[in-house]
> 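Pasting a structure here, questions to come.
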Amino acid sequence: MANFEQFGLDASVVQAVTNIGFTEATPIQQETIELVLAGKDVIGQAQTGTGKTGAFGIPLVNRIDSSNPLVQGLVLAPTRELANQVEQALRQFGRVKGVRTTVVYGGEDFGKQIRSLKQRPHIIVATPGRLLDHMRRKTIRLESIETVVLDEADEMLNMGFIEDIETILAETPQETRQTLLFSATMPKRMESLASKFMKNPTRIAVKAKEVTMENIAQQFIEVHEREKFDVLCRLIDLETPDLSIVFGRTKRRVDELAEALIKRGYRAEGLHGDLNQAKRNSVLRKFKEGLIDVLVATDVAARGLDISGVTHVFNFDLPQDPESYVHRIGRTGRAGRSGIAITLATKPEREHVKLIESVSKRRMTQRPKPTYEEALEGQKQSTLNELRELAAKGEQDSYRVAAKELLQETDAVTALAAALKLLTKEPDQTPVKLTSEAPLRTKKRHGNGGRDGRRHNDRDRRPWGQKRGRDGRRSGHQRKWASSNGKAGKRLS
Ligand SMILES: Nc1ncnc2c1ncn2[C@@H]1O[C@H](COP(=O)(O)OP(=O)(O)OP(=O)(O)O)[C@@H](O)[C@H]1O
Ligand SMILES: [Mg+2]
C-alpha cells in the first residue's frame with residue numbers, strides 16, 4: 001500500500017495530509033496523484049466515497065506556487081454545499097504549504113465574496129453560475145489559471161451547465177491549461193466534453209461491474225404509494241440508523257415528508273434548492289452535528305456530500321436516472337465503512353428498478369415490508385443497548401437510592417420493564433397527509449442519457465441539455481482511510 005511520500009509531493013503537503021489523518025493513499029489517489037503532478041489531463045472515475053477529492057486536490061495544491069499571488073487553480077462543483085466541502089478539503093491539504101483558497105456560489109452576498117477574492121486566493125472553488133457572474137463583473141479573471149477541475153463533471157452536464165462551462169473554459173489559457181474531470185459515474189456523453197476540452201487525457205476508471213460499492217447493502221421493498229410513509233417510519237424504527245438521508249423526488253415532496261416525520265416524533269429537516277442559503281447551511285450543519293437524525297432531501301444532496309455517520313440512505317422515491325441512484329446511495333458506506341441503502345418502489349416502477357440494477361451492475365435484495373411488531377422490537381433493542389452501555393459505565397450514583405426504593409415496592413423485572421417502556425419510542429402512527437406522486441415511468445435510454453419523460457419544474461435539477469439559470473447548491477469530514485474496516489483498501493484495488 002502506498003503512503004503519500006512516494007509520489008514526489010512537497011514535504012509540506014505530505015505533512016498536511018498526515019495531519020488530517022490520511023496514512024495511505026486510496027486506490028484512485030494512487031493512480032492519479034503522479035499524473036496530475038506531471039501536469040497531465042485526467043479523467044478519474046472511482047466509486048463514491050473513495051477519496052476523489054484528494055485524488056485531484058492533493059496534487060492540485062502541490063502544483064500551486066504559493067509565492068505567486070495569482071489565482072492558479074479553479075474547481076467547479078454542481079452545488080453550493082459541495083463547493084463548500086471541496087474548498088474546506090483543499091484548504092486542509094494546502095494549509096502547511098500556505099495555499100489560499102476561497103469559494104464562491106450563488107445565494108450569497110457578492111460583497112463578502114469580493115472581500116475574500118481580494119485576499120488573493122490561489123484556488124477558487126465555484127458553482128458555474130456565480131463564477132460567471134464574477135467574471136462579468138471582472139471580480140474574477142481566469143487568464144492565470146493553470147488547472148481546472150470539474151468535480152461531478154457528468155452532473156454539471158445533467159444540470160444544463162454545459163454552455164456555462166464552455167464560456168468559463170474559454171476564458172482560461174487554452175494552450176497550457178490542465179483539465180481534470182472526476183465523478184463516480186462517467187456516462188458515454190462525457191466523451192464529447194472530454195474530446196472538446198481535454199488534451200490527450202489519461203482515463204482512470206473503475207470496472208463497469210464495480211460502479212457501486214460492495215460495502216453498501218442494497219435492498220428494495222415493493223410498496224403501494226399510500227403505504228410508503230408508514231413503511232419508511234417502520235424502517236427507521238427497526239433499523240435505528242445513526243444518521244440517515246431520505247431522498248424525495250420533488251421539493252414539495254421533501255417539505256411534506258420532513259413535516260410528516262417531525263409530526264411522528266423524528267428529528268428531521270428538509271434540504272432543497274428553494275430554501276434560502278442560510279437555511280440550507282443551517283440544516284446541513286445541524287445534520288452533521290447530529291442535532292437532526294434524518295435529512296430529507298432532493299437530489300441536491302445526492303452528489304459528493306461527505307457526512308460521517310450516515311448509516312442509511314432511503315430512496316423514498318426512485319431517482320429519475322440510474323446515475324443518480326449510484327450517487328444517492330453513495331452518501332453512506334464512505335471511506336471503507338459499511339452502509340445500507342433501501343429503495344421503495346411501487347409495482348409499476350419495477351422496470352425502473354431493473355434499469356437501475358443494470359446500470360449499477362448490482363442486484364438489490366428484495367425484502368418484505370417491516371411490520372409494526374418488528375419496528376417496536378427494533379426500538380426496544382435500541383433502548384436496551386443504551387441501557388446496557390449506561391449500566392456498564394456505572395455513572396448512576398445519584399439514582400441508586402431511588403432505584404433501591406423502587407425495588408422495595410416492586411420486583412426487578414417489573415421495574416425494568418416499566419423503565420424500558422418509558423424509554424422506548426413506540427412506533428408512532430399519527431395520521432399524516434402526503435400528496436401522492438405518480439409512479440416514475442421508464443423510458444428507453446436514448447442518447448440524451450435517459451432523462452425521464454416527466455419534467456417536473458418542482459425538481460431540483462434541469463433536464464439534460466436545458467440551460468440552467470443561476471447556480472446550484474451543497475460540506476466535510478476527515479478521518480483515517482479504512483479506520484473501521486481494515487480490508488477496505490484491498491477491496492477497492
Ligand atoms: N487517503 C485517505 N485516507 C483516509 N481517509 C480518506 C483518504 N482519502 C479520502 N478519505 C476520506 O474519505 C471520505 C470520502 O472522500 P471523498 O469525499 O473525496 O470521496 P469521493 O470519491 O469524492 O466520493 P463522491 O463520489 O461521493 O464524491 C472523506 O471523508 C475523506 O476525508
Ligand atoms: Mg467527491
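Throughout, numbering of the chain's residues begins at 1 and tracks the sequence. Counting convention: from 1, in listed order, for ligands and their atoms alike.
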> Please indicate whether any nitrogen or oxygen in Ala25 is less than 3.5 Å from any nitrogen or oxygen in ligand 1.
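No: no nitrogen or oxygen of Ala25 is under 3.5 Å from one in ligand 1.
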> Taking atom NZ as the centre, does Lys40 end up with more than 12 heavy-atom neighbours from other residues, nucleotides or ligands that are less than 6.0 angstrom away?
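Not more than 12 within 6.0 Å, no.
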> May I ask you to list the atoms of ligand 1 that are less than 4.0 angstrom from any heavy atom of Ala335?
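Ligand 1 atoms under the 4.0 Å threshold to Ala335: 12 (O), 13 (C).
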> Quick one: does Glu24 get an N or O within less than 3.5 Å of an N or O on ligand 1?
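Between Glu24 and ligand 1, an N or O pair is found under 3.5 Å apart.
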> Which ligand 1 atoms does Thr26 reach within 4.0 Å, using its non-hydrogen atoms?
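Those of ligand 1 that fall under 4.0 Å from Thr26 are 1 (N), 2 (C), 7 (C), 8 (N).
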> Which of the atoms of ligand 1 are close to Thr53, meaning less than 4.0 Å from one of its heavy atoms?
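Those atoms are 16 (P), 17 (O), 18 (O), 22 (O).
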> Are Lys196 and Glu166 within salt-bridge range, i.e. N to O under 4.0 Å?
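Glu166 and Lys196: salt-bridged.
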> Do NZ/NE/NH1/NH2 and the carboxylate oxygens of Lys228 and Glu256 come within less than 4.0 Å?
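Judged by the 4.0 Å cut-off on N to carboxylate O distance, Lys228 and Glu256 do not form a salt bridge.
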> Should Arg334 be counted as touching ligand 1, given the test is an N or O pair under 3.5 Å?
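Yes; the residue has a nitrogen or oxygen that sits under 3.5 Å from a nitrogen or oxygen of the ligand.
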> Between Phe182, Phe22, Phe56, which one has a non-hydrogen atom sitting closest to atom 30 (C) of ligand 1?
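Checking each option, the heavy atom nearest atom 30 (C) of ligand 1 is found in Phe22.
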> Report, in ascending order of atom number, the atoms of ligand 1 lying under 4.0 Å from any heavy atom of Phe4.
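Within the 4.0 Å cut-off of Phe4, ligand 1 contributes 1 (N).
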> For salt bridge (Lys or Arg N to Asp or Glu O under 4.0 Å), just list the numbers for Asp151 and Lys52, CA-CA rounded to whole Å, side-chain angles, deciding distance to a tenth of an Å, and then say yes or no.
CA-CA 9 Å; Asp151 193 14; Lys52 291 186 288 297; over 6 Å; no
> Could you check whether any heavy atom of Gln47 sits closer than 4.0 Å to an atom of ligand 1, since that is the contact criterion I want to use?
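A heavy atom of Gln47 does come that close to ligand 1.
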> Which of the atoms in ligand 1, numbered in the order shown and given with their element, are less than 4.0 Å from a heavy-atom of Glu152?
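What qualifies from ligand 1 is 27 (O).
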> Does Gly49 reach ligand 1, in the sense of a heavy atom lying below 4.0 Å from it?
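In this structure, Gly49 qualifies as a contact of ligand 1 - some heavy atom is under 4.0 Å.
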> Tell me whether Arg367 at atom CZ has more than 12 heavy atoms from other residues, nucleotides or ligands lying less than 6.0 Å away.
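Yes - once you tally the heavy atoms of other residues, nucleotides and ligands closer than 6.0 Å, there are more than 12.
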> State plainly whether the residues Lys354 and Glu351 are in salt-bridge range, i.e. N to O under 4.0 Å.
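Yes, charged N to carboxylate O under 4.0 Å.
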> Just wondering, are more than 12 heavy atoms of other shown residues or ligands nearer than 6.0 Å to CZ in Arg120?
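No, because the 6.0 Å sphere around CZ of Arg120 holds 12 heavy atoms or fewer from other groups.
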> Could you go through Ser183 and His327, starting from their C-alpha distance and side-chain angles, then the distance that decides it, and tell me whether this counts as side-chain contact (heavy atoms from CB on, under 4.5 Å)?
CA-CA 9 Å; Ser183 179; His327 293 274; 3.7 Å; yes
